[in-house]
> 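Before we start, here is the structure in question, set down as structure tokens.
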Amino acid sequence: MEDIPEHMRKKYLLPDMDSTFRLFAAHWHAVDRNWKYPIHKHPLFEVNLVLSGTQEMIVNQTSYIQNPGDIMLLGPGDVHESKAIGKENMTYYCLHFDVDERVLRELLCRNKTYFHASNSDLATAIQPALDKLIKLTKDEAAQRVESRMMILSALFELFAGISGTLSKRDSSETVPRMSQVASQIAARLELAVDQTEDERLEGQDIETIESIAAEIGYSMSSVNRMFTSVYGVSPRQYMSTLMLKKSKLLLMDPELTIETISAKLGYNNIAHFSRQFKRWTGESPSSFRGRFYK
């Protein structure tokens with residue numbers, strides 16, 4: 001609670017929040033008993049729930065048997081394959097997501113408990129959100145604005161259930177030194193991006209990953225290894241995500257020209273910024289802005 005004038009009795013504030021996430025290939029799937037999916041990996045987190053029948057999923061060379069209600073929670077780069085087993089057909093629900101909320105991302109990447117039985121704390125916590133998402137996935141009106149907002153609500157409920165369960169388990173364990181260092185680097189990168197505009201106006205250099213590594217006393221190879229282990233992405237990828245998010249927020253301000261935004265973000269010219277933004281998103285800054293302001 002912040003300091004308040006004497007004439008006010010109490011004042012409470014929610015924390016400022018600026019998070020983005022990506023939902024990809026969420027699907028409900030009924031398959032026959034001979035179905036299987038080949039070995040693969042991807043850069044996203046995955047929640048996989050069996051609804052009927054039985055599934056065998058092999059994750060990083062370890063086999064897990066899922067019955068109805070059992071959940072698999074996977075991280076980026078986990079090598080996995082799956083198949084229906086037994087005499088019955090199988091139904092499952094699967095979704096892939098990415099999220100830049102640092103604490104949640106660290107909890108997810110630190111998690112190495114892939115299998116969660118139907119009566120486990122995590123399955124119990126996220127089942128209501130999954131039920132809502134399954135219903136919305138099968139709803140033919142899912143593309144409507146109100147349905148999309150309900151999907152967002154269910155996703156945040158899912159994230160809350162995951163983070164609440166993992167943080168309870170995590171609080172009883174000693175946080176590894178690697179996680180502490182990675183968290184320190186992430187916080188410095190976030191601060192560097194947040195202060196980009198002020199630093200440029202004062203003619204100072206933006207703090208780089210190299211300068212952070214040197215200051216905390218680690219080599220770049222060590223920094224890359226620790227950071228990627230904790231967050232599932234390299235420091236440069238993480239900083240690019242932060243820069244993209246700030247770019248989008250600035251582009252949504254109609255009073256700023258794209259040239260001004262380019263300068264605020266530290267680019268030498270607007271062409272460089274435009275090329276980078278298009279590499280990130282597949283569209284130009286003006287095209288992105290045009291979706292909000294005609």
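Atoms considered below: every heavy atom in the structure, side chains included; atoms not considered: hydrogens, waters and symmetry mates.
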> Can any side-chain N or O of Arg33 pair as donor or acceptor with the backbone N or O of Gly86 at less than 3.5 Å?
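No, the answer is negative, given that no donor and acceptor are paired below the 3.5 Å cut-off.
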> Working to the nearest 0.5 Å, report the span between CD1 of Ile71 and CD1 of Ile126.
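Reported value, rounded in 0.5 Å steps: 3.5 Å.
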> How far apart are the C-alpha atoms of His96 and Phe45, what are their side-chain angles, what is the distance that settles it, and do they pass the side chain to side chain contact (heavy atoms under 4.5 Å, CB included) test?
CA-CA 5 Å; His96 304 84; Phe45 298 99; over 6 Å; no
> To check you understand the geometry: which heavy-atom pair defines the closest contact between Tyr238 and Asp100, and what is its length?
OH-O, 4.3 Å
> Search all heavy atoms of Glu46 against all heavy atoms of His80 and return the closest pair with its distance.
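Closest approach of Glu46 to His80: OE1-NE2, 3.1 Å.
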> For Gln55 and Asp70, does a side-chain donor sit closer than 3.5 Å to a side-chain acceptor?
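Asp70 and Gln55 do not have a side-chain donor-acceptor pair below 3.5 Å.
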> Can you find a pair of side-chain heavy atoms, one from Cys94 and one from Leu49, that are under 4.5 Å apart?
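SC-SC contact between Cys94 and Leu49 ruled out.
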> Examine distances only and state if a side-chain atom of Ser262 and a backbone atom of Ile258 form a donor-acceptor pair shorter than 3.5 Å.
no
> Judged by modelled atom types alone, do Tyr231 and Glu106 share a side-chain donor-acceptor pair under 3.5 Å?
yes
> Counting only heavy atoms from other residues, nucleotides and ligands, does the tally under 6.0 Å from CD of Glu146 exceed 12?
yes
> Compare all side-chain heavy atoms of Val59 with those of Val79 and state whether any distance is below 4.5 angstrom.
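Side chain of Val59 against side chain of Val79, heavy atoms only: no contact under 4.5 Å found.
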> Do the side chain of Ser183 and the main chain of Gln180 share a donor and acceptor less than 3.5 angstrom apart?
no
> Looking at Phe24 versus Phe97, is the centre-to-centre ring distance below 6.0 Å?
no
> Side chain to side chain contact (heavy atoms under 4.5 Å, CB included) between Arg275 and His272: does it pass, once the steps are laid out?
CA-CA 5 Å; Arg275 285 194 300 271; His272 185 194; 4.1 Å; yes
> Is a donor on one side and an acceptor on the other found under 3.5 Å between the side chain of Ser274 and the backbone of Ile270?
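It does hold such a pair.
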> Please check if Ile65 and Leu122 belong to a single hydrophobic cluster, counting links between Ile, Leu, Val, Met, Phe, Trp and Tyr side chain heavy atoms closer than 4.5 Å.
no
> Does a side-chain heavy-atom distance below 4.5 Å link Leu95 with Leu130?
yes
> Any idea which heavy atoms bring Arg22 and Leu44 closest together, and the distance?
NH1-CD2, 4.0 Å
> Please say whether more than 12 non-hydrogen atoms of neighbouring residues, nucleotides or ligands are located less than 6.0 Å from NZ in Lys112.
yes
> So, Asp121 and Thr165: side-chain donor and acceptor under 3.5 Å apart, yes or no?
no
> Are Leu242 and Ile261 in one and the same hydrophobic cluster, where Ile, Leu, Val, Met, Phe, Trp and Tyr link if side-chain heavy atoms are under 4.5 Å apart?
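Hydrophobic grouping puts Leu242 with Ile261.
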> Does Met220 reach the side chain of Glu210, with side-chain heavy atoms less than 4.5 Å apart?
yes
> If we ignore hydrogens and angles and just use 3.5 Å, is the side chain of Gln66 paired with the main-chain N or O of Asn48 as donor and acceptor?
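Between the backbone of Asn48 and the side chain of Gln66 there is a qualifying donor-acceptor contact (under 3.5 Å).
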> If you compare all heavy atoms of Leu107 against all heavy atoms of Leu166, which two are closest, and at what distance to 0.1 Å?
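Minimum heavy-atom contact is O-CD1, 3.8 Å.
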> Is Tyr92 reachable from Leu23 through a run of I, L, V, M, F, W or Y residues, each pair having side-chain heavy atoms under 4.5 Å apart?
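Different clusters: Leu23 never reaches Tyr92 through Ile, Leu, Val, Met, Phe, Trp or Tyr contacts under 4.5 Å.
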> Are any side-chain N or O atoms of Thr137 and backbone N or O atoms of Leu133, one a donor and one an acceptor, separated by less than 3.5 Å?
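Side chain of Thr137 to backbone of Leu133: a pair is present.
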> Closer than 3.5 angstrom, by distance alone: can the side chain of Ser229 be matched with the main-chain N or O of Met226 as a donor-acceptor pair?
no
> Compare all side-chain heavy atoms of Pro235 with those of Leu189 and state whether any distance is below 4.5 angstrom.
yes
> Nearest 0.5 Å please: distance from the CG atom of Leu155 over to the CE atom of Met150.
12.0 Å
> If you look at every heavy atom in Thr54 and Met90, which pair is closest and at what distance?
O-SD, 3.4 Å
> Whether Glu56 and Lys36 form a salt bridge (side-chain N of Lys/Arg under 4.0 Å from carboxylate O of Asp/Glu) is what I want to check.
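Judged by the 4.0 Å cut-off on N to carboxylate O distance, Lys36 and Glu56 do not form a salt bridge.
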> With sequence neighbours excluded, tell me which residues meet ring-ring contact (aromatic ring centres under 6.0 Å, His included) with Tyr37.
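With sequence neighbours excluded, Tyr37 shows a ring-ring contact (aromatic ring centres under 6.0 Å, His included) to His40, given in chain and number order.
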> Is there a path of hydrophobic side-chain contacts, each under 4.5 Å between heavy atoms of I/L/V/M/F/W/Y residues, joining Leu74 to Val230?
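Looking at the clustering, Leu74 is in a separate group from Val230.
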> Just checking, is any N or O donor in the side chain of Thr208 or Ser211 under 3.5 Å from an acceptor N or O on the other one?
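A donor-acceptor contact under 3.5 Å links the two side chains.
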> Same cluster or not: Leu51 versus Trp35, using hydrophobic residues (I, L, V, M, F, W, Y) connected whenever any side-chain heavy atoms lie under 4.5 Å apart?
no
> Between Ser222 (side chain) and Tyr218 (backbone), is there a donor-acceptor pair under 3.5 Å?
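No.
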> Is it the case that the side chains of Asn60 and Asp78 hold a donor-acceptor pair, with the cut-off being a distance below 3.5 Å and no angle test?
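Yes, a side-chain donor-acceptor pair sits under 3.5 Å.
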> Please report the closest heavy-atom contact between Ala154 and Ala129, naming both atoms and the distance.
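Looking at all heavy atoms of both residues, the closest pair is O-CB, 3.6 Å.
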> Does any N or O in the side chain of Arg289 come within less than 3.5 Å of the main-chain N or O of Leu251, such that one atom is a donor and the other an acceptor?
yes
> Keeping the roles fixed (side chain from Thr241, backbone from Gln237), state whether a donor-acceptor pair exists under 3.5 Å.
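Checked: pair present.
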> Which residues satisfy the ring-ring contact (aromatic ring centres under 6.0 Å, His included) test with Phe156, sequence neighbours excluded?
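ring-ring contact (aromatic ring centres under 6.0 Å, His included) list for Phe156, sorted by chain: Phe21.
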> Is there a side-chain contact between Thr91 and His29, using heavy atoms and a 4.5 Å cut-off?
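They are not in contact (no side-chain heavy atoms under 4.5 Å apart), so the answer is no.
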> Could you check whether any side-chain heavy atom of Leu108 comes within less than 4.5 Å of a side-chain heavy atom of Asn111, counting everything from C-beta outward?
no
> What's the spacing between Ser82 OG and Ile58 CD1 if we round to 0.5 Å?
9.0 Å
> Among residues at least two apart in sequence or on other chains, which ones pass side-chain hydrogen bond (donor to acceptor under 3.5 Å, both in side chains) with Asn224?
none
> Step by step, work out the side chain to side chain donor-acceptor pair (under 3.5 Å) result for Ser284 and Ser287.
CA-CA 5 Å; Ser284 67; Ser287 176; 4.6 Å; no
> Would you mind checking if Glu283 and Lys278 are paired as a salt bridge, meaning a charged N to carboxylate O distance below 4.0 Å?
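Salt bridge between Lys278 and Glu283, a charged N being under 4.0 Å from a carboxylate O: no.
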> With heavy-atom distances below 4.5 Å as the criterion, would you say the side chains of Val181 and Ile216 are in contact?
yes
